[in-house]
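This is the structure I have questions about; it appears just below.
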Amino acid sequence: KQEVTQIPAALSVPEGENLVLNCSFTDSAIYNLQWFRQDPGKGLTSLLLIQSSQREQTSGRLNASLDKSSGRSTLYIAASQPGDSATYLCAVRPGSSASKIIFGSGTRLSIRP
Amino acid sequence: SAVISQKPSRDICQRGTSLTIQCQVDSQVTMMFWYRQQPGQSLTLIATANQGSEATYESGFVIDKFPISRPNLTFSTLTVSNMSPEDSSIYLCSGGNSYGETQYFGPGTRLLVL
């Protein structure tokens, strides 16, 4: 059974710092992995999608990497800004059951001005 | 990309009543899903909404409690039936066209059951 874990559960850093959010999954046979952002009281915004054959994806100040063999993904945020404050969710689409996305519990990020 | 809207955005309901949540997508999508996010927790898939046929429910969720309709490729409803305080959650609609593509989410419906 696929399980997705995100550490830390919460993170607070000063503005301008580069930071890394971690995601691990127990079954390396995945279809793809997606990072989402959730603002309080709102839905999810897709940030980056990495297919199982890819190693990384970049969008602006965000870079997501995928290491399937070790069951890990990281989301790198460069030059953090207060507007980056949100909960970041990692979600895995299993290879054996591609219809179902399995979410991690999220990392609540706070950027201090 | 797809933009997904939900109605209502929030509601406060009495125990024993039912609430129907509507989900509208601005373009046709092959797949539509309903998720629940309980306070302080991550998202759990309730069911896959199938056009013109019965929804496919995940373990722990049943049609009598969460009836779902999907009459076409842009619209779906989720009903939370005979509500109890344990049903207080955020309910999110999601859609997409392919397992290899981004899955989009609505803003969610915040439900509080008293």
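When reading the values below, keep in mind they use all heavy atoms of this one structure, side chains included, and skip hydrogens, waters and symmetry mates. Chain identifiers are assigned alphabetically (A, B, ...) following the order of the sequence lines, protein sequences preceding nucleic acid strands; residue numbering begins at 1 within each chain.
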Let me confirm one number: the OG1-NZ distance from B/T56 to A/K100, rounded to the nearest 0.5 Å. 12.0 Å
For the interface with chain B, which of A/G43, A/A91, A/G106 has the highest count of heavy-atom pairs at distances below 4.5 Å? A/G43
Non-hydrogen atoms of chain B under 4.5 Å away: do they reach the side chain of A/Q6, the backbone, both or neither? neither
Intermediate values then yes/no, side chain to side chain contact (heavy atoms under 4.5 Å, CB included), A/I101 and B/L45: CA-CA 8 Å; A/I101 288 181; B/L45 180 63; over 6 Å; no
Just checking B/R10: does its CZ atom have more than 12 heavy atoms from other residues, nucleotides or ligands closer to it than 6.0 angstrom? no
Can you confirm whether more than 12 heavy atoms, excluding those of A/R55, are under 6.0 Å from its CZ atom? no
What about B/M83 and B/Y91, same hydrophobic cluster or not, with Ile/Leu/Val/Met/Phe/Trp/Tyr joined at side-chain heavy-atom distances under 4.5 Å? yes
Any chance you could measure B/Q103, atom CD, to A/Q34, atom CD, to the nearest 0.5 Å? 7.0 Å
Do the side chains of A/L89 and A/L62 join up, straight or via other hydrophobic residues, at under 4.5 Å, putting them in one cluster? no
Option in B/P107, B/C93, B/G108 with maximal non-hydrogen atom pairs under 4.5 Å from chain A: B/P107
Let me confirm one number: the OG1-CG distance from B/T102 to A/N32, rounded to the nearest 0.5 Å. 8.5 Å
Do B/L78 and B/V113 belong together in a cluster built from hydrophobic side chains that touch within less than 4.5 Å? yes
B/S42 side chain to A/G104 backbone, donor-acceptor under 3.5 Å: yes
Determine which pairs satisfy ring-ring contact (aromatic ring centres under 6.0 Å, His included) with at least one residue from residues 36-86 of chain A, sequence neighbours left out, and list them in order. A/F36-A/F103, A/F36-B/F105
Listed by residue number, which members of residues 45-53 of chain A have a heavy atom under 4.5 Å from any heavy atom of chain B? A/S46, A/L49, A/Q51
Linked, directly or transitively: A/L33 and A/I77 (ILVMFWY side chains, under 4.5 Å): yes
Of the backbone (N, CA, C, O) and the side chain (C-beta and beyond), which part of B/Y35 lies under 4.5 Å from a heavy atom of chain A, both, or neither? side chain
If I measure from the heavy atoms of chain A, does B/L92 come under 4.5 Å with its side chain, its backbone, both, or neither? side chain
Can B/I63 be reached from B/L19 by stepping across I, L, V, M, F, W or Y side chains whose heavy atoms are under 4.5 Å apart? yes
